[in-house]
Amino acid sequence: MPDTEDKPIQNFIETIIEKDIADNKNGGRVHTRFPPEPNGYLHIGHAKSICLNFGLALKYNGLCNLRFDDTNPAKEDVEYVESIINDVRWLGFDWENRLYFASDYFRQFYEYAIQLIKDGNAYVCSLSTDEIREYRGTLTEPGIPSPYRNRSVEENLDLFERMKAGEFEEGTHLLRAKIDMASPNLNMRDPAIYRIKKAAHHRTGDTWCIYPMYDFAHGFEDSIERITHSICTLEFEDHRPLYDWFLDKLGVFHPQQIEFGRLNLTYTVMSKRKLLRLVEEGYVSGWDDPRMPTIAGLRRRGYTPESIRKFCEIIGVTKSFSISEISLLEYCLREDLNLRAQRVMAVLHPLKVTITNYPEGTVEMLDAVNNPEDESAGTRKIPFSRVIYIEQEDFMENPPKQFFRLSPGKEVRLKHAYYITCQQVIKDDDGNVIELLCTYDPQTRGGWSTDGRNVKGTSHWVSAAHAVDAEIRLYHHLFTVPNPEEAPEGKDFTANINPHSLEVLAGCKVEPSLVEAANGTVYQFLRQGYFSKDPDSTSDKLVFNRAVSLRDTWQKVKKNV
RNA sequence: UGGCCGGUCGCCAAGCGGUAAGGCACGGGCCUUUGGAGCCCGCAUUCGUAGGUUCGAAUCCUACCCGGCCAGCCA
């Protein structure tokens with residue numbers, strides 16, 4: 001039954017939060033956080049989490065922190081923290097003065113660990129890495145207690161202190177929680193709390209040579225910041241009992257962990273590890289390659305923060321595993337840019353057209369609407385002259401009935417200019433069409449006629465004498481299959497990489513006004529798509545990225561011809 | 001074969017015992033100086049399967065099937 005009143009759809013997390021507010025839990029306070037590890041660039045999957053966490057804070061009049069979960073110096077780097085800060089800000093979110101680092105809490109974590117030892121809830125284990133794995137048991141068999149499990153509090157305190165002092169080599173000792181080696185949840189089989197790592201940390205230098213594990217640290221990070229709702233992805237569901245265990249043992253403020261399903265997209269991969277491989281193995285030019293699902297890549301390609309936020313809003317938040325179609329993301333971009341992008345004319349595959357009855361040496365400045373969706377965008381002047389370029393695709397020598405562009409003897413409209421009729425086709429020795437000789441109707445200036453003529457086709461064009469050369473990069477799916485994870489036997493996702501995902505067009509002809517455009521500006525190239533000016537552009541070489549093409553009904557019609 | 005979580009249209013997703021929202025995609029039509037945009041119409045007699053409870057079930061119960069995650073001193 002259709003609901004007459006449109007009550008906003010709330011996701012399951014909002015349901016929990018609204019109940020908590022109603023129950024006056026945490027005094028009705030809502031405080032979330034986005035906790036990335038600075039070990040890679042943010043991707044669209046992170047954007048979902050960012051929009052969720054910051055969005056919830058906004059919706060419920062709460063706060064959202066940006067916190068770096070930097071507990072593993074071996075993998076982390078300042079380059080990543082800088083890119084993450086930049087990306088979250090670009091997406092449009094504000095953490096005010098609440099930028100935190102887990103590493104700022106290292107001293108506190110250390111004291112929590114001491115307390116755990118004193119209470120008999122943690123011990124130093126001196127088993128090797130391999131032995132620990134063997135003692136852990138399997139999915140179906142319980143583990144075996146470590147022989148070091150019952151060391152005295154004094155001995156544990158001494159050993160832990162010496163771990164911290166750097167007396168031991170990596171891998172020789174480990175601080176573990178004393179929980180239950182027979183738990184069906186492997187995370188509860190005496191998990192590691194602190195490991196020895198003699199690596200310099202990007203923020204604390206070599207102050208420490210022991211570093212806390214995620215499970216131990218994360219809950220305390222949330223607790224210290226008085227987070228009310230700690231939102232993470234589904235794979236941490238099995239860790240929740242541990243999250244709760246640490247907080248309960250120390251008796252500190254206890255945030256609620258809530259898990260949701262992470263974003264997956266067709267025709268791409270979404271794990272930092274896999275994206276890193278694409279970068280390191282040279283499949284793409286870098287983290288900001290426009291084919292990458294990274295925020296940096298999407299930004300360079302021409303995606304707007306608004307379109308990404310809209311996407312994150314409409315995909316929803318649930319606990320089920322899902323793979324969203326990339327076409328939905330593309331739809332969000334088109335929807336946003338349609339309203340805002342300035343229209344401009346650019347010819348990707350130029351075909352020379354000489355208008356034989358147009359006076360030589362004459363240049364007319366014609367009016368062109370900048371954006372039919374936005375009158376306030378105004379108009380601009382574009383030059384028209386005797387020789388122009390049109391799109392090769394806009395001419396067919398022997399067209400099917402449904403083709404209403406240019407062909408011998410037929411008339412079309414040049415957008416904003418005149419009607420032209422094709423009189424003669426000039427070919428090279430190989431039979432390729434290299435030029436069209438056309439005539440124009442002076443009475444149709446601006447593209448109108450008063451005699452009721454039905455000219456259905458409209459082509460974009462540029463004046464040959466005024467056009468500027470440009471390189472245009474077209475992007476196709478990075479992978480050839482919707483789910484790259486499904487690789488052939490014995491192969492991994494790289495077997496599904498699309499070798500033709502980048503198509504570079506040289507010698508494209510664009511409107512002269514684009515020379516002055518700032519890098520990053522996104523235009524609609526009339527009838528073709530949305531293109532962003534790439535930072536590779538220089539004063540004498542323009543480069544554009546196709547962010548997304550326009551819907552192309554003709555392509556569909558063509559298939560059925 | 002252990003534990004946890006999940007299965008509603010091709011994809012995403014509402015629904016919370018009263019008789020299947022919406023979006024994307026797709027198909028058709030209108031309109032159009034972008035074959036763009038916009039507008040209109042169509043698109044699950046059925047909710048993983050099988051039983052059961054009930055006047056009534058996608059919603060409750062039971063069993064089974066399928067999918068995801070977990071055996072890092074990663075997060």
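Quick note on labels: first sequence line is chain A, next is B, and so on, each numbered from 1.
- Both distances falling under 3.5 Å, in either a Watson-Crick or a G-U wobble arrangement, occur for no nucleotide opposite rU53(B).
- Salt bridge Glu225(A)/Arg33(A): absent, no basic N to carboxylate O contact under 4.0 Å.
- For rU46(B) and rC40(B), the P atoms lie 29 Å apart once the distance is rounded to whole Å.
- Out of rG35(B), rC70(B), rC74(B), the shortest distance to the side chain of Leu139(A) is found at rC70(B).
- When the ring pair (Phe, Tyr, Trp, His ring centres under 6.0 Å) test is applied to His43(A), the partners found at least two apart in sequence or on another chain are His46(A).
- If you check the side chains of Thr266(A) and Glu325(A), you find no donor sitting under 3.5 Å from an acceptor.
- Using a cutoff of 4.0 Å between basic side-chain nitrogens and carboxylate oxygens, Glu391(A) and Arg405(A) are not scored as salt-bridged.
- With distances taken from any side-chain atom of Glu235(A) to the nucleotides rC69(B), rG35(B), rC73(B), the minimum falls on rC69(B).
- A search for ring pair (Phe, Tyr, Trp, His ring centres under 6.0 Å) contacts involving Phe525(A) returns Phe531(A), Phe544(A), not counting sequence neighbours.
- For Tyr110(A), the ring pair (Phe, Tyr, Trp, His ring centres under 6.0 Å) criterion is met by Phe160(A), Trp208(A), not counting sequence neighbours.
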So which protein N/O to nucleotides 3-5 of chain B N/O distances come out below 3.5 Å?
unit_1	atom_1	unit_2	atom_2	d
rG3(B)	N2	Asp238(A)	OD2	2.7

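- Listed by residue number, the members of residues 68-77 of chain A with any heavy atom below 4.0 angstrom from RNA chain B are Asp69(A), Thr71(A), Asn72(A), Lys75(A).
- Between the C1' atom of rC74(B) and the CZ atom of Arg133(A) lies a distance of 14 Å, rounded to the nearest Å.
- A distance of about 31 Å separates the C1' atoms of rU62(B) and rA21(B), rounded to the whole Å.
- A salt bridge between Arg527(A) and Glu393(A) is absent, with no side-chain N of the basic residue lying under 4.0 Å from a carboxylate O of the acidic one.
- In this structure Asp69(A) satisfies the side chain to side chain contact (heavy atoms under 4.5 Å, CB included) test together with Thr71(A), Ala102(A), Tyr214(A), His218(A), Glu221(A), sequence neighbours excluded.
- Under 3.5 Å, the side chain of Gln524(A) and the base of rU34(B) form at least one donor-acceptor pair of N or O atoms.
- Between Phe106(A) and His201(A), the angle of the ring planes goes over 60°, which puts this pair in the perpendicular group of the 30/60° scheme.
- Thr318(A) is linked by a side chain to side chain contact (heavy atoms under 4.5 Å, CB included) to Ser320(A), counting only residues two or more places apart in sequence or in another chain.
- Note: CG (Asn39(A)) to P (rG72(B)) measures 19 Å, nearest angstrom.
- What separates CE of Met181(A) from P of rA71(B) is a distance of 14 Å, to the nearest Å.
- Pairing for rU19(B) is absent, judged as Watson-Crick or G-U wobble with the two contacts each under 3.5 Å.
- At a threshold of 4.0 angstrom between heavy atoms, the contacts of Lys197(A) are confined to the sugar-phosphate backbone, with no base atom among them.
- The residue Pro241(A) sits apart from the nucleic acid: no heavy atom pair falls under 4.0 Å.
- Phe403(A) comes within 4.0 angstrom of a nucleotide base, judged by non-hydrogen atoms across all strands.
- For Phe384(A), the ring pair (Phe, Tyr, Trp, His ring centres under 6.0 Å) partners at least two apart in sequence or on another chain are Tyr358(A), Tyr418(A), Trp461(A).
- Classification of Glu169(A) and Lys198(A) as a salt-bridged pair holds, one side-chain N sitting under 4.0 Å from a carboxylate O.
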Please tabulate, one pair per line, all N/O donor-acceptor pairs under 3.5 Å involving side-chain atoms of residues 121-128 of chain A, not counting sequence neighbours.
unit_1	atom_1	unit_2	atom_2	d
Tyr123(A)	OH	Asp190(A)	OD2	2.6
Ser126(A)	OG	Arg151(A)	NH2	2.4
Ser126(A)	OG	His173(A)	ND1	2.9
Ser128(A)	OG	Glu131(A)	N	3.1
Ser128(A)	OG	Glu131(A)	OE1	3.2

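- Taking atom OH of residue Tyr135(A) and atom P of nucleotide rC73(B), one finds them 15 Å apart after rounding to whole Å.
- One atom, CG of Leu329(A), and another, P of rC24(B), lie 14 Å apart when rounded to the nearest Å.
- Within 4.0 Å of Tyr211(A), counting heavy atoms only, lies no atom of the nucleic acid at all.
- Taking the syn range as angles within 90° of 0, the glycosidic angle of rG72(B) is syn.
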(request) Produce a footprint string for nucleotides 7-12 of chain B: one letter per nucleotide, 5' end first; B if the base is under 4.0 Å from any protein heavy atom, S if only the sugar-phosphate is, - if neither. (result) ---BSS
(message) Using the rule given for side-chain contact (heavy atoms from CB on, under 4.5 Å), can you reason through Leu414(A) versus Ile390(A), listing the C-alpha separation, both sets of side-chain angles and the distance that settles it, and then say yes or no?
(response) CA-CA 9 Å; Leu414(A) 293 178; Ile390(A) 65 167; 4.2 Å; yes
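- Residue Thr129(A) places its side chain closer to rC73(B) than to any other of rA14(B), rC73(B), rG35(B).
- Applying the side chain to side chain contact (heavy atoms under 4.5 Å, CB included) test to Tyr267(A) and every residue at least two apart in sequence or in another chain returns Ile326(A), His477(A), Pro482(A).
- Salt bridge absent: Glu37(A) and Lys75(A) never bring a charged side-chain N and a carboxylate O closer than 4.0 Å.
- Nucleotide rG36(B) forms no Watson-Crick or G-U wobble pair with any nucleotide shown, as no partner meets the under 3.5 Å limit on both distances.
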At a cut-off of 3.5 Å, list every protein nitrogen or oxygen paired with a nitrogen or oxygen from nucleotides 37-39 of chain B, distance to 0.1 Å.
unit_1	atom_1	unit_2	atom_2	d
rA37(B)	OP1	Arg551(A)	NH1	2.2
rA37(B)	O2'	Asn338(A)	ND2	2.9
rA37(B)	O2'	Glu373(A)	OE2	3.0

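- Protein atom CD1 of Ile326(A) is 17 Å distant from nucleotide atom P of rC24(B), rounded to whole Å.
- Closest to the side chain of Ser327(A), from the set rA25(B), rU34(B), rA71(B), is rA25(B).
- Among the atoms of the strands shown, none is found under 4.0 Å from any heavy atom of His218(A).
- The phosphate of rC74(B) (OP1 or OP2) has a side-chain N or O of Arg195(A) nearer than 4.0 angstrom.
- Base pairing of rC64(B) is made with rG48(B), judged by Watson-Crick or G-U wobble geometry with both donor-acceptor distances under 3.5 Å.
- Base pairing annotation: rG2(B) forms a Watson-Crick or G-U wobble pair with rC70(B), both donor-acceptor distances under 3.5 Å.
- When each of Tyr214(A) and Gln528(A) is assigned the nucleotide of RNA chain B with its nearest heavy atom, Gln528(A) is the one assigned upstream, toward the 5' end.
- Protein atom CG of Asp215(A) is 13 Å distant from nucleotide atom P of rC70(B), rounded to whole Å.
- Pairing for rA58(B) is absent, judged as Watson-Crick or G-U wobble with the two contacts each under 3.5 Å.
- Under the 4.0 Å criterion applied to side-chain N and carboxylate O atoms, Lys274(A) and Glu485(A) are assigned as salt-bridge partners.
- Shown here, rG27(B) forms a base pair with rC41(B); the pair counts as Watson-Crick or G-U wobble because both key distances fall under 3.5 Å.
- Using a 4.0 Å heavy-atom cutoff across all strands shown, Ser128(A) reaches at least one base atom of the nucleic acid.
- Between the P atom of rA25(B) and the OH atom of Tyr267(A) lies a distance of 15 Å, rounded to the nearest Å.
- The side chain of Arg136(A) places an N or O atom within less than 4.0 Å of a non-bridging phosphate oxygen (OP1 or OP2) of rC73(B).
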